[in-house]
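Here the structure is laid out as structure tokens; the discussion comes afterwards.
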Amino acid sequence: MEITEPIESKNFLQEIIENDIAEGKHDGRVLTRFPPEPNGYLHIGHAKSICINFGLAKQYNGQTNLRFDDTNPVTEDTEYVESIKEDIKWLGFDWANEYYASDYFDTLYDYATQLIGKGLAYVDDLTAEQIAELKGTPTEPGKNSPHRDRSVEENLDLFRRMKDGEFPEGSKVLRAKIDMASPNMHMRDPLLYRIKYAHHHRTGDKWCIYPMYDFAHGQSDSIETITHSICTLEFIPHRPLYDWCIEKLEIFPSRQYEFARLNMNYTVMSKRKLLQLVNENHVSGWDDPRMPTLSGMRRRGYPPKSIVEFCDKIGVAKRENIIDIGLLEFCVREDLNKTATRVMVVMDPVKLVITNYEGTGEHLSAENNPEDQSAGHRNISFGKVIYIEREDFMLDPPKGYFRLSPGNKVRLKYAYIIEYENHITDSEGRITEIHVKYYPDSKSGEDTSSIKVKTALHWVPESAINAEIRLYDRLFVVENPNSDKDTDFKEFINKDSMVVNTRAMLEPILKDADFGKSYQFFRLGYFCLDKDSSSEKLVFNKTVGLKDSWAKILQK
RNA sequence: UGGUCUAUGGUGUAACGGUAGCACAACUGAUUUUGGUUCAGUUAGUUGAGGUUCGAAUCCUUGUAGACCAACCA
């Protein structure tokens, strides 16, 4: 018999790197970087970038720097620096060096003067509006600024005085002298430096001029001798400028490569929009469990491994994509199924009385995880009165209903087989008690009754405890909240994205639930303890539900 | 409409001139003390039109569609 090895397919970045290594480029060295701007929290899209940058380096015996792209002091803050570092570590990655673009401000200033010296940059006095006007449009060439041909000496002097704070904010900029007629808008004398009298989170008030992205990012890559600078597709038009700066400055030739960013349905991914959700209180914060942020997913109970697995499954390519959020949920379930401790919780309890049960103090042994025998067993107290899920009993069930109904016996998980006898209703006809008889010889593990049942129901004993359970659904009701240009994305927010259940009854052992641990509420889904819990009140988050094929049958 | 990038099942992603494969989703069935898990199987795809070639998802020509580019943002 022939055994065929599964073929490991490579993505285009792996091919590029393998070619570079084969050609002996940079002596086969691989150094990548993850360059977040500290102006927001990391989301699942950043996780893709993190996995690519750190993953590639790991795969090819290289390293990855963490570099904060902090060139705009107005929007940046150390709060974000801390959260970003925490999230990367949580995903399981370690950076070789922690750098900041602001570490290079002196070098960058020097680079700028070099460019001026070569006649390749000039100080422009035009206003932002005038510059925009002369820039032309994608279909029309731009026009030269009247200040374009200042002498090297004058430019050097003006630029130094910009640095020294002699000019008001917005009055002057430094621009590269390239080509105002270029079909690439980014090559039409791009801005290199602007004046900002703003306090920087690292350099304080040392500087009043700050480099633009295009004059900081590539140069930072070069200073660190990054070999593969991997970014998203929208930076493709910046690449000629990236290369231009390296060429004119004659510095280390880092190379930029672009991949398609992650998009996911039923959510938004732009930092600006996420910030709006937070600031306008549509969610409780950056770590709201409904947010696509890593801190939100952590709080929701998504294991970091499942996020890394997800990033691996979605692949890397240059084509626009919208990933089904169901794939992420699949990865979460796949991990949690193997690791989560099983417990019983009844979300919508109804009293069940076992009329022929006369035992007292009986304890039943329950398996903690059928997927992992080493997880062991625990005891649950059983009695004449217990609670089951209201939807697990029907007087007049539809075809295909396996659960308790007149004439349809079921097993109580870890306990006995029961059979319906009677029920009690209140004045509105709502069932308040279900009376059943049980088969003493059907005890779980020692069943000699030879009764066949179709399913086992979860239940809780009378000693069950109370908690608040937060059930989450997708944050938006449409697949792409950005699709309609005339409608604000917030119009599509799912009003029922969080539903709070306070009447649930939980197996008593959950009063000792641990933070950071996942539980499978039997037949319901995966849950975890929320940070809002206190000694008086437990709060659980629903991470994700179990696949529910009965719900699917009912839909038909 | 100037430039750039991209088009493979419902969604992603492979196949580098030689059998269109994998994952998720969907659907069957088996197993099951979770209508979960697991297992077996099914459905379903190369953007249109030409061309080169014994042979094209792949190369060429030409359409079409989508994305990105005119912040003193990154």
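What you see is a predicted model; the values in this text were computed from it and never measured.
In this structure, the ring-ring contact (aromatic ring centres under 6.0 Å, His included) partners of A:Trp286, at least two apart in sequence or on a different chain, are A:Tyr41. A:Ile509 is linked by a side-chain contact (heavy atoms from CB on, under 4.5 Å) to A:Val343, A:Arg378, A:Glu507, counting only residues two or more places apart in sequence or in another chain. Residues that satisfy the side chain to side chain donor-acceptor pair (under 3.5 Å) test with A:Asp324, not counting sequence neighbours, are absent from this structure. Listed by chain and residue number, A:Lys10 satisfy the salt bridge (charged side-chain N to carboxylate O under 4.0 Å, His left out) test with A:Glu18 (two or more places apart in sequence, or in another chain). A:Glu169 is linked by a salt bridge (charged side-chain N to carboxylate O under 4.0 Å, His left out) to nothing, counting only residues two or more places apart in sequence or in another chain. For A:Lys163, there are no salt bridge (charged side-chain N to carboxylate O under 4.0 Å, His left out) partners, not counting sequence neighbours. Partners of A:Tyr414 under the ring-ring contact (aromatic ring centres under 6.0 Å, His included) rule, at least two apart in sequence or in another chain, do not exist in this structure. For A:Lys196, the salt bridge (charged side-chain N to carboxylate O under 4.0 Å, His left out) criterion is met by no residue, not counting sequence neighbours.
The cationic group of A:Lys413 does not satisfy the cation-pi geometry with A:Phe522, failing either the under 6.0 Å distance to the six-membered ring centre or the 45° limit from the ring axis. Geometrically, A:Arg474 engages A:Tyr266 in a cation-pi contact defined by less than 6.0 Å to the ring centre and at most 45° from the axis. A:Tyr100 carries A:Arg202 over the face of its six-membered ring, with the cationic atom under 6.0 Å from the centre and within 45° of the normal.
Comparing the same atom, P, in B:G21 and in B:A57 gives a spacing of 13 Å after rounding to whole Å. Annotation: B:U6 and B:U13 have their C1' atoms spaced 15 Å apart (nearest Å). Taking atom C1' in both B:A67 and B:U53, one finds a spacing of 34 Å when rounded to whole Å. Nucleotides B:C60 and B:A25 are separated by 38 Å at their P atoms, to the nearest Å. With both ends at atom C1', the span from B:G45 to B:A14 equals 13 Å, rounded to whole Å. One P atom belongs to B:A56, the other to B:U37, and the distance between them is 43 Å to the nearest Å. Using P as the reference atom, B:C54 and B:U8 are 30 Å apart when rounded to the nearest Å. One P atom belongs to B:U19, the other to B:C59, and the distance between them is 16 Å to the nearest Å.
Nucleic acid contact for A:Tyr414: base, since at least one base atom lies under 4.0 Å from a heavy atom of the residue. Across all strands shown, A:Asn72 has heavy atoms under 4.0 Å from sugar-phosphate atoms exclusively, and none from any base. Within the 4.0 angstrom heavy-atom criterion, no nucleotide atom of any strand lies near A:Gly525. A:Lys552 comes within 4.0 angstrom of the backbone, heavy atoms only, and of no base. Within 4.0 Å of A:Leu126, counting heavy atoms only, lies at least one base atom of the nucleic acid. Nucleic acid contact class of A:His238 (heavy atoms, under 4.0 Å, all strands): base.
The environment of A:Glu133 atom CD is sparse: at most 12 non-hydrogen atoms of other residues, nucleotides or ligands sit within 6.0 angstrom.
The stretch residues 187-195 of chain A touches RNA chain B through A:Leu191, A:Arg194, each having a heavy atom within less than 4.0 Å of the strand. Against RNA chain B, the stretch residues 311-324 of chain A makes heavy-atom approaches under 4.0 Å through A:Lys313, A:Ile314, A:Val316, A:Ala317, A:Lys318, A:Arg319, A:Glu320, A:Asn321, A:Ile322, A:Ile323, A:Asp324.
Taking the six-membered ring where the residue is Trp, A:Tyr357 and A:Tyr416 present tilted rings, their angle falling between 30° and 60°.
What separates NE2 of A:His377 from C1' of B:U33 is a distance of 13 Å, to the nearest Å. The CG atom of A:Asn482 sits 12 Å away from the P atom of B:A67 (whole-angstrom rounding). Put simply, CD on A:Glu234 is 17 Å from P on B:C73, counting in whole angstrom units. When the P atom of B:C68 is taken as reference, atom CZ of A:Phe259 falls 16 Å away, rounded to whole Å. If you measure from atom NE2 of A:His186 to atom C1' of B:G2, you get 14 Å, rounded to the nearest angstrom. Regarding A:Tyr266, its OH atom lies at a distance of 15 Å from the P atom of B:A25, rounded to whole Å. Summarising the geometry, the separation between CD1 on A:Ile178 and C1' on B:C69 is reported as 15 Å, rounded to the nearest angstrom. Counting to the nearest Å, the C1' atom of B:U4 and the CZ atom of A:Phe235 are 15 Å from each other.
In terms of position on RNA chain B, the residue among A:Asp447 and A:Thr75 whose nearest nucleotide sits closer to the 5' end is A:Asp447. Along RNA chain B, the nucleotide nearest to A:Lys10 and the one nearest to A:Ala415 differ in position, and the one closer to the 5' end is contacted by A:Lys10.
Close to B:C73, at under 4.0 Å from its OP1 or OP2, lies a side-chain N or O of A:Lys196. An OP1 or OP2 oxygen of B:C73 is reached within less than 4.0 angstrom by no side-chain nitrogen or oxygen of A:Lys271. Not one side-chain nitrogen or oxygen of A:Lys452 sits closer than 4.0 Å to the OP1 or OP2 atom of B:U33.
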Report summary line: Contact string for nucleotides 34-43 of chain B, one letter per nucleotide 5' to 3', B = base within protein heavy-atom range under 4.0 Å, S = sugar-phosphate only, - = neither, reads BBBS------
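Looking only at side-chain heavy atoms (C-beta outward), A:Phe68 and A:Leu66 come within less than 4.5 Å of each other.
Under 3.5 Å, the side chain of A:Ser444 and the base of B:U33 form at least one donor-acceptor pair of N or O atoms.
A donor-acceptor contact closer than 3.5 angstrom is absent between the side chains of A:Glu371 and A:Asn369.
Of the charged side-chain nitrogens involved, none lies within less than 4.0 Å of a carboxylate oxygen, so that A:Lys177 and A:Asp124 do not count as a salt-bridged pair.
For A:Ile131, counting side-chain heavy atoms from C-beta on, the closest listed nucleotide (B:A70, B:C24, B:C72) is B:C72. Taking the side chain of A:Pro237 as heavy atoms from C-beta on, and the options B:A74, B:C68, B:G2, the nearest nucleotide is B:C68.
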**Report entry** Which nucleotides of RNA chain B pair, in dot-bracket form (Watson-Crick or G-U under 3.5 Å, | meaning another strand)
**Finding:** .((((((..((((....[..)))).(((((.......)))))....(((((..]....))))))))))).....
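Checking side-chain atoms of A:Asn11 against main-chain N and O of A:Gln14 turns up a donor-acceptor pair under 3.5 Å.
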